[in-house]
Each structure stands twice: as structure tokens, then as C-alpha cells.
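Order of listing sets the numbers, starting from 1, for every ligand and every atom in it.
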Amino acid sequence: MNPVRVRSTVRGVGSALPERIVTNAEMETIVDTTDEWIVQRTGIRQRHVAAEGETTSMLATRAAEAALADAGLVAADIDLFIVATSTPDYTFPAVATQVQAALGVTHGVAFDLQAVCSGFVFAVATADKFLVSGSHKRALVIGAETFSRLLDWTDRTTCVLFGDGAGAIVLEATPSDGALTSPGVISTQLRSDGRHRAKLYVDGGPSTTKTVGHLKMEGREVFKHAVGMVTDVIKACFDDAGVTAADIDWFVPHQANRRIIDASADKLGLPREKVVVTVDRHGNTSAASIPLALAVSVKDGRIKKGDLVMIEAMGGGFTWGAALIRW
Ligand code: UT7
């Protein structure tokens, strides 16, 4: 018998997207590109773009409210707020403290976590460690971004790829027998390697240019590393949990590029019908992409209680990670 212990279980999920949709046809009017190129190379057909004055903390708060409603909880039930973002409203304070205030909460702790596109996986792993330690009871884990603000809208190699949005889950510390069939976060695996900074970065910041800067990416180089890195970290989760690809009900990867998603699934032997894809609708929303995809696939009835769900991401830094969750 496994000893009784605590697991972080998913109680609710929610999301928020800006109203404005920018199609590939509209991108054709902005830069020298075609719908055909974007769809073939990335799978993206449209992205949501925040309105003037619509900020990351606003999207994060809306996603948090939706996740609380889905969980049947109120904001006062939460004592840990983590927002994964690279596009905060301000250099400081943290978006998480603004979300905490917008929800009317004055207890607990709120902070941001910055691991670019891997941010949500890093935030789930961080919240899990707080909850399992017994220090906190319920966490709002949010991925929220307004990447449209970081883009050079004259650079066709980057501006067609990204979108804005937010997603959130509520994690709750729950007594568990630790069995593979019992709900909650089963394994998290995080990695980073700072030598790759120049392949994906923003060319501004408070301590260098004193400006926000624009996103720069050597797309082909990032692509080359992505599949190997994410499959390695997923295999580490498999080994840690004692499962194989055949045990996975849903694979919810970071939504950067359809080709990366398909190549990763193929390499792991995960059938395409078990892969959640939203990159066509949302583009790459960085730290928001996984919780947005979770919200879509829970709402449409694909992810159900008891399903084994693998999330993974890779992004700037490089950072990469995966988490295995029994829903
Ligand atoms: O979320 C964080 C992690 N980020 C990623 O995972 C992104 C990883 N990288 C990628 O997804 C892909 O590398 C891209 C989608 C960015 C690019 O696809 P690619 O197949 O690697 O294309 P490429 O960069 O090799 O470019 C091929 C051609 C180039 O023309 P030449 O040099 O072959 O004449 C580009 O100039 O496509 C051209 N190109 C475009 N053409 C039309 C680049 N961007 C565009 C565009 N429209 N928007």
C-alpha cells in the first residue's frame, strides 16, 4: 500500500480571449506573407489580438474568474496565485498581485513566474510543490500573455506566429493514496539551458535598453531543438510515473507549431486523435497556450475526470518541461 499523502488535484479550468480575431488574410495586408505559407509551415489560421488598453492582467483575471466558477469556488478560497507571463502590464508589480487585487483577495501570496512558453508547466510544477508541502491549500495557476505588444509587426518571420490570451486552472491540495489511478499531478519535470538565449529573445528590457523591445527568433534553430527536448522531458515523466505512451488519454502540448506538435506525438508513439491542437485558432500564445487548450478540450468533453493528461512546453531560455496529471 502506498502511504497516504497529498496530491494537487485540478478543480476547475477557465480561459479568456480578446474579442478581436486577426485572420491570415488580414496578415497578408500587414506583411509580405500568404495564408498558404502560414498554414503549411505552422498550422495557424487566425490569432486573437488584445484591444488597446486590454492588458495581460485583465485577461488573466477573466480566466481566473472562469476557472473559479468552473471549480464552484470563490476567490477567497484561494491562497496561492501564480501567473506565468513574459508580457506583464508593468515591469513591476507582478501581474499576479494585480489579479489578486482584482479578485478582492488580501490573504495568501501572489507572484509571477517567467519561463516564456514553458511558463505554465513551470507554474504548475511550482504550485504543486507549495500544495504538496502543506504550506498552501488552493492555487490559481494562470498563463496570460499579450505577445502582440512584443512583436515587430514589420517582421513576417515572427509577427504571423503569435497571439494573445489567458488560461487558468485551480489546483487543490487533496489527500491521496498516491496510486497512478488517483487524481492529481503525478510527475513534473523541468529543464533549462541558458546557452540558447540568442535563438529566442526580446531585444529590450529595463536593465539594457530601458525599453520593452521586440521578439527575435531564429525559427529554424528553435524548431531543430524543440522536438528532442520535449520528447526527452516527456519520457522522464513516463519513467518517473511508470507509464508508457499507451497510458496517455490526452496530449496537450504547447501550441507553437503544428509540425512540432505532430513530430513530437509521432516520436512518442502518441496517436494524432489523442493530441489537442488549438494553434490553428489561437496561434502561439506562449504561457497561455496550454491552459487555453485545456479549457477548450475540457469544455468540449474530450478531457474527462479520470483521464491521464500530459502537458509539455519548450521556449525561450531555453526552458522546457512536462507534467503528467490525472484529471
Ligand atoms: O513557442 C516558442 C518556441 N517557438 C517555436 O517553437 C517556433 C519554432 N520554429 C518554427 O515554428 C518555424 O521555424 C517557423 C514557423 C518559425 C518557420 O518555419 P520554417 O519551415 O523553419 O521556415 P524558415 O524559417 O526556414 O523559412 C523558410 C522561408 C524563408 O525564405 P527563403 O530564405 O527560403 O527564401 C523565409 O524568408 O520562408 C520565408 N518566410 C516567409 N514567407 C512567407 C518566413 N516567414 C514567412 C512568412 N510568409 N510569414
Side-chain angles (χ1 to χ4, degrees), residues 22-47 84-87 114-123 143-148 150-165 167 190-194 196-202 214-234 252-265 267 275 277-280 282-293 311-322:
V22 176
T23 61
N24 288 351
E26 188 174 346
M27 291 304 313
E28 289 177 0
T29 69
I30 299 170
V31 284
D32 178 19
T33 191
T34 60
D35 173 56
E36 192 193 4
W37 189 95
I38 300 171
V39 172
Q40 271 183 7
R41 302 286 178 134
T42 73
I44 297 167
R45 293 181 184 277
Q46 61 169 50
R47 69 288 291 143
T85 188
S86 306
T87 46
Q114 212 272 54
V116 203
C117 297
S118 310
F120 184 75
V121 178
F122 277 51
E145 304 279 15
T146 46
F147 255 55
S148 62
L150 282 182
L151 300 174
D152 173 354
W153 285 89
T154 66
D155 174 12
R156 69 174 184 173
T157 69
T158 53
C159 76
V160 302
L161 303 174
F162 295 90
D164 301 336
L190 308 180
R191 309 271 189 274
S192 57
D193 183 348
H196 299 285
R197 183 192 71 89
K199 297 187 181 80
L200 178 50
Y201 70 108
V202 172
H214 289 124
L215 184 146
K216 304 280 171 195
M217 178 164 70
E218 294 173 29
R220 222 173 303 186
E221 280 298 307
V222 178
F223 198 122
K224 252 174 34 193
H225 286 85
V227 177
M229 284 175 161
V230 302
T231 51
D232 278 356
V233 88
I234 289 167
V252 188
H254 169 50
Q255 307 284 319
N257 185 318
R258 179 75 202 238
R259 287 152 59 213
I260 295 175
I261 293 171
D262 288 347
S264 305
K267 195 168 168 192
V275 183
V277 177
T278 51
V279 71
D280 53 333
H282 300 158
N284 180 351
T285 57
S286 189
S289 88
I290 293 171
L292 276 166
I311 63 171
E312 61 81 359
M314 178 268 182
F318 291 151
T319 55
W320 64 109

Participant: For Val160, counting its heavy atoms only, list the atoms of ligand 1 lying under 4.0 Å from any of them.
Facilitator: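 Checking each atom against Val160, I get 48 (N).
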Participant: Counting only heavy atoms, tell me which of His225, Met314, Glu221, Arg220 gets closest to atom 26 (O) of ligand 1.
Facilitator: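 Selected option, by shortest heavy-atom distance: Arg220.
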Participant: May I ask which of Val222, Val31, Val116, Ile261 has a heavy atom nearer to atom 3 (C) of ligand 1 than the others do?
Facilitator: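 It is Val222 that holds the nearest heavy atom.
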Participant: Test side-chain contact (heavy atoms from CB on, under 4.5 Å) on Val39 and Arg45; report intermediate values, then the result.
Facilitator: CA-CA 6 Å; Val39 172; Arg45 293 181 184 277; 3.7 Å; yes
Participant: Quick check on contacts: which atoms of ligand 1 are under 4.0 angstrom from a heavy atom of Arg259?
Facilitator: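 Contacts of ligand 1 toward Arg259, numbered from 1: 18 (O), 20 (O).
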Participant: Taking only heavy atoms of Thr42, which atoms of ligand 1 are found under 4.0 Å from at least one of them?
Facilitator: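 That gives atoms 15 (C) of ligand 1.
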Participant: Is the backbone of Ala115 close enough, under 3.5 Å, to the side chain of Thr319 for a donor and an acceptor to pair up by distance?
Facilitator: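 Checking the backbone N and O of Ala115 against the side chain of Thr319, a donor-acceptor pair under 3.5 Å is found.
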Participant: Please tell me if atom 31 (P) of ligand 1 is touched by the protein, where touching means a protein heavy-atom distance below 4.0 Å.
Facilitator: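 No, there is none.
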Participant: In terms of atom number and element, which parts of ligand 1 are under 4.0 angstrom from non-hydrogen atoms of Met217?
Facilitator: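 Every atom of ligand 1 under 4.0 Å from some heavy atom of Met217: 4 (N), 7 (C).
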Participant: In the protein, which heavy atom is nearest to atom 36 (O) of ligand 1, and how far is it?
Facilitator: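 The protein heavy atom lying closest is Arg156 NH2, 3.2 Å.
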Participant: What residue and atom, counting heavy atoms only, is the protein's closest point to atom 8 (C) of ligand 1, and at what distance?
Facilitator: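 Ranking protein heavy atoms by distance from atom 8 (C) of ligand 1, first comes Gly219 O, 3.7 Å.
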Participant: What protein heavy atom lies closest to atom 16 (C) of ligand 1? Include the residue and the distance to one decimal.
Facilitator: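 Closest protein heavy atom to atom 16 (C) of ligand 1: Leu161 CD1, 3.8 Å.
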Participant: Before you tell me yes or no, could you show the steps for Thr42 and Val160 under side-chain contact (heavy atoms from CB on, under 4.5 Å), namely the whole-Å CA-CA distance, both residues' side-chain angles and the distance that decides it to 0.1 Å?
Facilitator: CA-CA 9 Å; Thr42 73; Val160 302; 5.6 Å; no
Participant: Which option, Thr34, Thr157, Leu200, Thr33, owns the non-hydrogen atom nearest atom 46 (C) of ligand 1?
Facilitator: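 Checking each option, the heavy atom nearest atom 46 (C) of ligand 1 is found in Thr33.
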Participant: Without swapping roles, check the side chain of Thr85 against the backbone of Ala144 for a donor-acceptor pair under 3.5 Å.
Facilitator: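 Between the backbone of Ala144 and the side chain of Thr85 there is a qualifying donor-acceptor contact (under 3.5 Å).
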Participant: Applying a strict 4.0 Å limit to heavy atoms, is Met27 in contact with ligand 1?
Facilitator: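 Outside the 4.0 Å threshold, so no.
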Participant: For the pair Ser289 (side chain) and Thr285 (backbone), establish whether a donor and an acceptor sit closer than 3.5 Å, ignoring hydrogens and angles.
Facilitator: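 No, Ser289 side chain to Thr285 backbone: no donor-acceptor pair under 3.5 Å.
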Participant: For the residue pair Lys267 and Gly228, what are the closest heavy atoms and their distance?
Facilitator: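 Heavy-atom minimum between the residues: NZ-CA, 3.9 Å.
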Participant: I need the contact type for Ala256 against ligand 1. Using non-hydrogen atoms and a strict under-4.0 Å cut-off, is it side chain, backbone, both or neither?
Facilitator: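 Just the side chain.
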Participant: Looking at Arg259, I'd like to know if its CZ atom is crowded, meaning that more than 12 non-hydrogen atoms belonging to other residues, nucleotides or ligands lie closer than 6.0 Å.
Facilitator: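 Above 12, so yes.
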Participant: Examine distances only and state if a side-chain atom of Asn284 and a backbone atom of Leu161 form a donor-acceptor pair shorter than 3.5 Å.
Facilitator: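 No: the side chain of Asn284 does not pair with the backbone of Leu161.
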Participant: Between Val277 and Arg258, is a side-chain contact (heavy atoms from CB on, under 4.5 Å) present by the stated rule, with each step listed?
Facilitator: CA-CA 8 Å; Val277 177; Arg258 179 75 202 238; 3.8 Å; yes
Participant: Does the protein come close to atom 43 (C) of ligand 1 - that is, does one of its heavy atoms sit below 4.0 Å from that atom?
Facilitator: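 Given the 4.0 Å limit, the answer for atom 43 (C) of ligand 1 is yes, a protein heavy atom qualifies.
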Participant: Heavy atoms, side chains only, cut-off 4.5 Å: are Val222 and Phe318 in contact?
Facilitator: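 Val222 vs Phe318: side chains touch.
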Participant: Can you list the ligand 1 atoms lying under 4.0 Å from a non-hydrogen atom of Ile260?
Facilitator: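 Near Ile260, meaning under 4.0 Å from one of its heavy atoms, ligand 1 has 6 (O), 8 (C).
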Participant: Hey, is atom 22 (O) of ligand 1 touched by any protein heavy atom at less than 4.0 Å?
Facilitator: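 Protein heavy atom within 4.0 Å of atom 22 (O) of ligand 1: present.
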Participant: Return yes when at least one protein heavy atom is under 4.0 Å from atom 18 (O) of ligand 1, and no when none is.
Facilitator: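 Flag for atom 18 (O) of ligand 1 set to true, protein heavy atom closer than 4.0 Å.
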Participant: Which is closest to atom 10 (C) of ligand 1 by heavy-atom distance: Asn284, Asn257, Leu215?
Facilitator: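 When every heavy atom of Asn284, Asn257, Leu215 is considered, Asn257 comes closest to atom 10 (C) of ligand 1.
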Participant: Could you check whether any side-chain heavy atom of Leu215 comes within less than 4.5 Å of a side-chain heavy atom of Asp152, counting everything from C-beta outward?
Facilitator: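 When only atoms from C-beta onward are counted, Asp152 and Leu215 do not touch, as no gap falls below 4.5 Å.
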